[in-house]
Amino acid sequence: MACKVESPLHNHVISLRVMIILVSISSFHFDNAFASLATSSSTAVKPGQGEAEALLIWKASLDNQNQFPMSSWVGNSPCKWSGITCANSVGSVIRIDLPDSGLTGTLNAFNFSSFTSLQSLDLSNNLLFGEIPPEIGLVSSLCFLYLFNNSLNGSIPMEIGSLSSLEVLGLGTNKLTGTIPYSIWKLGNLTSLYLFRNQLHGPIPQEVGNLKSLEQLHLQINNLTGTLPASIGNLVNLNDLSLFYNNFSGPIPSTIGNLSSLISLDLQLNQLSGSIPPEIGKLKNLLKLGLLSNNLHGSIPSEVNNLTNLENLGVSNNKLSGYLPPDICASGRLVYFTANENYFIGSIPQRLRSCSKLIRVRLDRNWLTGNVSEELGVYPELNYIDLSHNNFYGELSQNWGQCKSLQSLKISHNRISGLVPNDIGKSIQLRVLDLSFNHLVGEIPKELGNLGSLYDLNLGNNKLSGSFPVELVKSSNLARLNLAANNLSGPIQLDGFSNLLTLNLSKNRFNESVPSEVGSMHPLQILDLSHNLLTGKIPSQLGELDSLEVLNISHNELSGSIPSSFGKLPGLNAFDISYNSLEGPLPDSKAFHDAPIQALVHNKGLCGDVIGLKACPCGKKDQNHIILIVVFAIGVQFLFLTVLGIIYGRNIRRAARTLNSHTDQAQNGDLFSVWSYDGLLVYEEIIQATENFDSKYCVGDGGQASVYKAELRTGQAVAVKKLHPLQDCGIANLKTFEREIQALSEIRHCNIVRLYGFCLHRRHSFLVYKFLQGGSLEKKLRKDEEAIKLGWTERVNLVKGVADALSYMHNDCSPPIVHRDISSKNILLDLENRPYVSDFGTAKVLKPNSSNWTSFAGTLGYTAPEFAYTMEVNENCDVYSFGVVALEVIIGKHPGDLVSFLTSLSSSTGHDLPLKNVVDHRLSYPRIQVAKEVVCVVKVALACLKTNPKSRPTIKQVCQELSTKGAPSPKAFDRISLGDLIENC
């Protein structure tokens, strides 16, 4: 029968956008599937009454049956219900349209046989799960079936092949498995087949050629294999063919040239081989040709020049050779052109010079040649261009300054000479500029300081001269600066470069001393000043670079000792200080203990516990130092034990009179009831339980301390945080140790790890905590099998627990305590996944009437952005870090570069980014009330991540918001976007 209803496709945005297609996929609804089979009544009923009964039975099976629009489903007249359309006011149901309705459940209670006139079923963008019932094949009148974007699993039932009237089959973005049933290839009326984003496997059979009416075929993002059948050329009405991100192999069939209506052909990210068939040149209507990331070889056929409507051409990552098509942009319509990582030779096509609509160009990693100043023109819309790793020569054109939209310019590894053009400073949106490995000369132009958005500048391996470009300090976003292997000279001036992550000034002629200002560059991860003429001592401020991972100051003329502050660098894992005049002991840290001798050689007199170095003496001066430390340690221990005695007993005399009974308690299980008056007993217990801190008991290791699990004779398990000893026989990280004791001795909260006691001793200094068997939140989220066990309810409660702990510290402690290092690694879990905030080594007590300024502390990626330049500690720092953790719990991983992440949410694409596309996909979508709470957590997290600290809520307000569950109703979960939440924060 012919379909009498129109396709229920409106303006929903499909999660996969196909560029440059006149008939856009985004015109289709993507709603979620619902429940299936219900036993229908066998008695004769009035028209519509049996359908009403079937719909109500299915509604009752759903988890959220009273959700709009189903709230109107009462009585026995379905023609008046929301989402239901009948042939007339009392006729049979012909359409069921429930997209974006928050439906949660299965299709198992849906009686398909009751709907004898149904022509359109749209359940896309819901929360349906389970299998598609085979009874769906009973709806013989069905023309449009939309089950997009649900969590349906199992195989596609072969009974769908019985729907002979079917025109549109939409099962994309589900969890369907198995092969595509052969019965589908017999649906002669099918115009659109959408099976993308599933887990389907197997080949496309020759029978695909039977679908003569097919206009759109979307099988992308599956595990399909085999060769592309030649019969695909029979689909003469096809305008959109998307097969990318599968495992197809073999050649592209020449019959592809028969598809004269084709607008978009996307075969990228497969394993296709052979050459590009010249018949592709017959596709005169083609707007997009995507062939990148395959194994294609040979040249691009000259017939491609006939594609005068082409807007997007991608042939990157293949084995193509020969010349680029000379007339590739004859019509001037080309927007995207990517041919990188091939073997192309010759020059850039001349037509490309006048191709003014270009937005993105990638020709890097080929064998192209030509004068770079003559090959390219002015491109007002150009956003990204990469010509690196070719054989271009000549001088850089001043035209680059006229590319006002340019954000990334890469022309490294060529033979370009001359000066760096001053006019590049006019490309004010430029974020990446890479001109490295060329033959550029002259000074670095001051105009580069005008590039306020510049993030990555690489001018390394050229012949540049002059002094260090201090004007770059005006590029406030600059994070990566590489000026290595040039002829730069004079002093290094780093004052104001506070946001750098990577700084490479090696292989130049810089002189004078290492600037102490580098110590204020707290985000710095990589620092290379090697192969220069630097003199003087290493500034101790370098020891404040908590994020530093790689340090190279070799091949200079540095003298003196290595600052002991280097032992505080927690992330340092690679360094080279060779070929200097350094002397004295190595700092006490794992990086130096494990250092290869090659990183230390050719110095004046270094000593330490490294093979190839002499051991350091422990002289009279050191002995006096030890005596002072021991006296101090005894004093602190005595004082603190007295405090603990007051806390636990409140009466020392009374405690002494009951010492024997407490000792009995210790033998029966509670060893720490005697901690206040018999620390030696506990000390000996821990030494014995860990076999003098044998590595087999170590459960964690950091730059300042190692954590051991100690099982005491009472059966009690504790975590022992042992500080690393210093090389000079001293006590490491004493301030950190004291800070942690000071903070935790006054804290009693169910979501803060409990401190049992401490020992301050020259040989072993440690803190003793309650042992938590669940490990850290970071490790829990990293492992799939563990993360799946952490369900949505547990995750919401986890976020609430961390918020409660911080609220206690900020509001109930006097004076308030700021943690300063809230991160997923510092949140521990018990076996019930209850969270405990830990690691108070960076905590700071906020003293009233004081400035509370401090040095950098925290973990990169969690630290509030303003802390990098204000250094003022307040509660807002913890609020920001909490926001990162809360978002990490919902996403399932760290959100990465938060600046770019949150910036993307303000863009047109990110603004509409559905929340369901962001949440941890290892879990099924949250249901009903839990969905409200998940939305609330994300909303609160985004509010905490406001750039302006004054715009963030207090942690007390966070707790109130989480407890009231102030979030949209669950029906909006699939429709809500992160942009909506940002606006409502």
Side-chain angles (χ1 to χ4, degrees), residues 335-336 352-353 355-362 364 372-373 375-388 395-412 416 418-436 438 440 442-460 462 464 466-483 493-503 523 865 868-869 897-911 947-948:
V335 177
Y336 299 94
L352 217 60
R353 185 179 178 87
C355 202
S356 59
K357 292 186 178 181
L358 283 173
I359 292 178
R360 185 178 181 89
V361 176
R362 287 201 64 178
D364 49 293
V372 73
S373 64
E375 297 286 323
L376 299 166
V378 176
Y379 309 102
E381 306 298 325
L382 189 65
N383 175 278
Y384 184 107
I385 184 167
D386 192 345
L387 306 177
S388 302
E395 298 186 3
L396 294 172
S397 171
Q398 295 285 353
N399 288 342
W400 291 117
Q402 301 180 48
C403 299
K404 302 300 184 181
S405 301
L406 192 60
Q407 294 187 21
S408 185
L409 173 60
K410 301 179 181 180
I411 319 181
S412 69
I416 299 170
L419 304 174
V420 178
N422 297 340
D423 278 14
I424 287 184
K426 296 179 181 179
S427 296
I428 56 175
Q429 295 192 43
L430 202 62
R431 288 179 51 81
V432 178
L433 176 60
D434 187 355
L435 305 177
S436 61
N438 280 291
L440 298 172
E443 296 187 358
I444 299 172
K446 298 178 181 179
E447 287 78 4
L448 294 186
N450 299 331
L451 303 176
S453 300
L454 195 62
Y455 178 86
D456 187 343
L457 174 61
N458 190 347
L459 301 178
N462 280 287
L464 299 170
S467 58
F468 182 84
V470 293
E471 292 80 11
L472 290 176
V473 73
K474 293 187 293 184
S475 301
S476 56
N477 290 313
L478 192 62
R480 306 183 189 280
L481 176 59
N482 188 339
L483 304 177
Q493 303 178 59
L494 295 175
D495 190 22
F497 288 86
S498 57
N499 294 321
L500 285 179
L501 300 175
T502 300
L503 176 61
Y869 54 85
D897 184 350
L898 281 175
V899 175
S900 60
F901 179 80
L902 294 176
T903 300
S904 71
L905 301 185
S906 303
S907 66
S908 59
T909 301
H911 192 80
T947 304
N948 184 352

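Computed over heavy atoms, backbone and side chain alike; hydrogens, waters and symmetry mates excluded.
One N or O on the side chain of Ser427 and one on the backbone of Trp400 form a donor-acceptor pair closer than 3.5 Å. A donor-acceptor distance shorter than 3.5 angstrom exists from the side chain of Asn458 to the backbone of Gly460, with no hydrogens or angles considered. Within the 3.5 Å criterion, the main-chain N or O of Ser412 finds a donor-acceptor partner in the side chain of Ser388.
Here the side chains of Asn499 and Tyr455 are not in contact, with every heavy-atom distance at 4.5 Å or above. In this structure, Leu481 and Thr502 have side chains that are not in contact, with every pair of non-hydrogen atoms separated by 4.5 Å or more. Counting only heavy atoms from C-beta outward, the side chains of Leu448 and Leu472 approach each other to under 4.5 Å. Taking 4.5 Å as the limit, some side-chain heavy atom of Ile411 sits within range of a side-chain heavy atom of Leu396. Between Leu478 and Leu457, the closest side-chain pair of non-hydrogen atoms falls below 4.5 Å. Counting only heavy atoms from C-beta outward, the side chains of Val432 and Leu409 never approach each other to under 4.5 Å. Between Leu358 and Val335, the closest side-chain pair of non-hydrogen atoms is not below 4.5 Å. Side-chain contact between Ile385 and Leu387 is present, with heavy atoms from C-beta onward closer than 4.5 Å.
Atom CD1 in Ile444 sits 10.5 Å away from atom CG in Leu435 (nearest 0.5 Å). The line from NZ of Lys410 to CG of Asp434 is 7.0 Å long, rounded to the nearest 0.5 Å. How far CG of Asp456 is from CG of Leu433: 9.0 Å, rounded to the nearest 0.5 Å. Within the model, atoms CG of Leu454 and NZ of Lys474 stand 12.5 Å from one another, a figure rounded to the nearest 0.5 Å. To the nearest 0.5 angstrom, Asn399 atom CG is 7.0 Å from Arg353 atom CZ. Note that CG of Leu459 is 8.0 Å distant from CG of Asn482, once rounded to the nearest 0.5 Å.
More than 12 heavy atoms of other residues, nucleotides or ligands sit less than 6.0 Å from atom CG of Asn477.
In plain terms, the two heavy atoms of Gly442 and Leu419 that are nearest each other are CA-CD2, 3.8 Å. When all heavy atoms are compared, the tightest approach of Leu500 to Arg480 is CD2-N, 4.1 Å. In plain terms, the two heavy atoms of Asn438 and Asn462 that are nearest each other are C-OD1, 3.0 Å. Scanning all heavy atoms of the two residues, the minimum distance from Pro380 to Ser356 falls at CD-O, 3.6 Å. The two residues Ile428 and Ser453 have their closest heavy-atom pair at O-OG, 3.8 Å. The two atoms that bring Ser475 and Leu451 nearest to each other are OG-O, 3.1 Å, heavy atoms only.
Residues Phe497 and Phe468 place their aromatic rings such that the two centres sit under 6.0 Å apart.
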Could you walk me through whether Lys404 and Lys426 satisfy the side chain to side chain contact (heavy atoms under 4.5 Å, CB included) test, starting with their C-alpha distance in whole Å, then the side-chain angles of each, then the deciding distance to 0.1 Å, before giving a yes or no? CA-CA 8 Å; Lys404 302 300 184 181; Lys426 296 179 181 179; 3.9 Å; yes

From CA spacing to verdict: side chain to side chain contact (heavy atoms under 4.5 Å, CB included), Leu376, Val361: CA-CA 11 Å; Leu376 299 166; Val361 176; over 6 Å; no

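Annotation: cation-pi pair Arg360/Tyr384 present, NZ/CZ under 6.0 Å from the ring centroid and within 45° of its normal.
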